[in-house]
Amino acid sequence: MSPAFHDLQQQVFALHAEERYHDALELALANLDHHQENASRIAFWVACLQCRLDRWDDALATIGGVVDAGGWFNPDRLRDDPDLAPLRELSELGGIIGACDEKRRVEQADARPERRLVRPESTEHQPPPLVIALHMAGGNARQSEHHWRRASRDGYLLALPQGTQILGPGEYGWSENTEAELKKHLLAVAGWHAYDSARVVLGGASRGAGVAVEFALCQAPFASRGFIAVVGSPAPEKIEEHVARAVAAQVRGVFITGEHDGARDRVESTYRLLHAAGMNVCLKVLPGLGHDYPPDFSEHLSEALAYVLA
């Protein structure tokens with residue numbers, strides 16, 4: 001049985017980090033047909049691993065085959081991923097990147113705000129609190145639901161907006177219009193299910209965490225009780241002007257980062273700024289965790305929600 005996409009990604013990335021490129025390649029190839037929604041992403045991993053194994057012709061054929069079949073890749077990944085460095089001097093790759101740029105331009109022209117909404121599975125809270133969870137840059141609402149679903153099991157209404165900045169197939173980011181888009185999402189949620197407007201929590205991971213923290217602190221585009229930020233935060237200098245207002249509004253927050261998270265220094269700096277200002281904030285640094293959700297995020301989420309809404 002094929003693992004869920006997120007679990008597969010963690011396994012492939014772990015093998016890559018251990019330089020077990022043959023094993024990682026075999027795992028990716030064995031699951032390519034089982035995750036059609038993420039076939040482009042897995043094909044990209046395959047090409048990266050083939051480059052690591054000095055199989056450059058195979059890597060170029062993998063990438064070219066997807067594009068020839070009508071698919072495409074995030075062109076920024078093709079330009080920047082260090083695994084593909086051996087291919088960047090080849091004119092064929094330049095043509096593929098150009099085709100992906102054009103595909104993204106066309107997709108962006110048709111981009112519209114989308115969201116996933118999950119009803120509370122219990123009636124413990126009436127009306128229920130609302131959790132708005134923002135995906136990582138390069139993620140999407142469907143993948144994000146896998147991590148935040150525990151909120152609905154605990155009796156919360158769960159809204160999962162999707163960014164409208166197109167990065168790649170199935171990959172979305174948060175644009176400069178995010179504030180206006182979130183306001184529209186909230187109106188759509190209100191028309192779909194009643195919720196307690198005095199108990200709204202903003203959550204997110206990576207870039208989504210940065211957006212969640214910033215909007216919770218400035219209390220815009222709507223008021224919220226606080227935030228849950230997973231492996232991400234805005235830079236301290238970006239939020240300094242909002243801190244006094246957030247303390248006065250009794251905003252509370254939880255930061256979850258990892259021992260090996262590349263964003264850890266920024267997360268800890270932001271936490272120290274808010275804590276020193278007198279805000280009720282909690283910081284968890286999880287052993288062994290990199291820039292990803294912890295495997296037991298469900299348990300951390302329940303605790304974090306209880307803290308923010310205390």
Side-chain angles (χ1 to χ4, degrees), residues 1-67 69 71-90 92-93 96-97 100 135-140 142-144 146-147 167-171 205-207 230-232 256-265 285-298 300:
M1 182 176 179
S2 178
F5 176 74
H6 179 261
D7 296 334
L8 174 64
Q9 178 175 271
Q10 286 189 320
Q11 293 169 23
V12 170
F13 284 14
L15 291 169
H16 183 287
E18 296 170 7
E19 299 185 2
R20 294 170 56 188
Y21 303 127
H22 281 288
D23 294 337
L25 180 58
E26 288 183 5
L27 180 60
L29 288 171
N31 287 277
L32 184 58
D33 293 336
H34 299 289
H35 295 277
Q36 288 301 311
E37 182 181 348
N38 295 287
S40 174
R41 185 78 68 88
I42 298 175
F44 182 83
W45 303 342
V46 169
C48 288
L49 292 163
Q50 288 169 330
C51 278
R52 284 290 185 178
L53 295 168
D54 297 334
R55 292 167 51 181
W56 303 326
D57 289 343
D58 290 341
L60 189 61
T62 296
I63 294 171
V66 170
V67 174
W72 64 295
F73 298 92
N74 180 337
D76 298 325
R77 294 184 191 276
L78 296 177
R79 289 188 182 95
D80 301 333
D81 195 290
D83 286 344
L84 299 184
L87 303 185
R88 294 209 179 94
E89 296 181 3
L90 303 178
E92 293 92 335
L93 185 64
I96 290 171
I97 291 174
C100 292
H135 58 73
M136 295 183 172
N140 59 53
R142 182 183 294 276
Q143 292 172 2
S144 187
H146 168 79
H147 302 288
L167 303 180
E171 301 177 39
S206 191
R207 171 64 182 137
V230 185
V231 296
I256 298 173
T257 186
E259 178 186 8
H260 306 302
D261 178 17
R264 177 180 173 181
D265 288 345
V285 181
L286 303 182
L289 182 67
H291 193 71
D292 200 356
Y293 286 95
D296 55 348
F297 179 62
S298 289
H300 292 291

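Being a predicted model, the structure only gives us computed values, none of them experimental.
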Taking it one step at a time, do R41 and R77 satisfy side-chain contact (heavy atoms from CB on, under 4.5 Å)?
CA-CA 10 Å; R41 185 78 68 88; R77 294 184 191 276; 4.0 Å; yes
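- For E18, the side-chain contact (heavy atoms from CB on, under 4.5 Å) partners are L15, R20, not counting sequence neighbours.
- Separating the CD atom in E26 from the CG atom in L49 is a distance of 11.0 Å, to the nearest 0.5 Å.
- With sequence neighbours left out, the side-chain contact (heavy atoms from CB on, under 4.5 Å) criterion links V66 to A43, F73.
- The shortest distance between side-chain heavy atoms of L25 and V46 falls below 4.5 Å.
- Atom CG of D80 is surrounded by more than 12 heavy atoms from other residues, nucleotides or ligands within 6.0 Å.
- Rounded to the nearest 0.5 Å, atoms CG (N31) and CG (L27) are 5.5 Å apart.
- Here the closest non-hydrogen pair linking G170 and N140 is O-ND2, 2.9 Å.
- Between the side chain of R88 and the backbone N or O of L78, at least one donor-acceptor pair lies under 3.5 Å.
- Atoms CD1 and CG, on I42 and L29 in that order, are 10.0 Å from each other to the nearest 0.5 Å.
- Contact of the V231 side chain with the M136 side chain is registered, since non-hydrogen atoms from C-beta on lie closer than 4.5 Å.
- Taking 4.5 Å as the limit, some side-chain heavy atom of Y21 sits within range of a side-chain heavy atom of H16.
- To the nearest 0.5 Å, the span separating CG on L84 from CG on L93 amounts to 7.0 Å.
- Of all the heavy atoms in A47 and A59, the pair that sits closest is O-CB, 3.4 Å.
- In the displayed structure, H34 atom NE2 is contacted under 6.0 Å by more than 12 heavy atoms of other residues, nucleotides or ligands.
- Pairing each heavy atom of P294 with each of H300, the nearest pair is CG-CD2, 4.0 Å.
- Heavy atoms only, all atoms of each residue included: C100 and W72 are closest at O-CE3, 3.7 Å.
- Few gaps surround CD on Q36; more than 12 heavy atoms of other groups in view lie less than 6.0 Å from it.
- Rounded to the nearest 0.5 angstrom, S144 OG and H6 NE2 are separated by 10.5 Å.
- Applying the side-chain hydrogen bond (donor to acceptor under 3.5 Å, both in side chains) test between D292 and each of H260, Q10, H147, Q9 identifies Q10 as the sole match.
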Just do the side-chain contact (heavy atoms from CB on, under 4.5 Å) check on L90 and W56 with the steps written out, would you?
CA-CA 10 Å; L90 303 178; W56 303 326; 5.8 Å; no
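- Between W45 and F5, the ring planes are parallel. Angles under 30° get that label, and only those over 60° would be called perpendicular.
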Report the C-alpha distance between H291 and D261 in whole Å, list the side-chain angles of each, state the deciding distance to 0.1 Å, and finish with yes or no for side-chain contact (heavy atoms from CB on, under 4.5 Å).
CA-CA 5 Å; H291 193 71; D261 178 17; 2.5 Å; yes
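- Residues E171 and N74 bring a donor and an acceptor atom of their side chains to less than 3.5 Å of each other.
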Just do the side-chain contact (heavy atoms from CB on, under 4.5 Å) check on H135 and R142 with the steps written out, would you?
CA-CA 9 Å; H135 58 73; R142 182 183 294 276; over 6 Å; no
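- Separating the CG atom in L289 from the CD1 atom in I256 is a distance of 9.0 Å, to the nearest 0.5 Å.
- Taking every heavy atom of both residues into account, A137 and R207 meet most closely at CB-CB, 3.9 Å.
- Two residues are said to be in side-chain contact when any heavy atoms from C-beta on lie closer than 4.5 Å; L87 and I63 meet this criterion.
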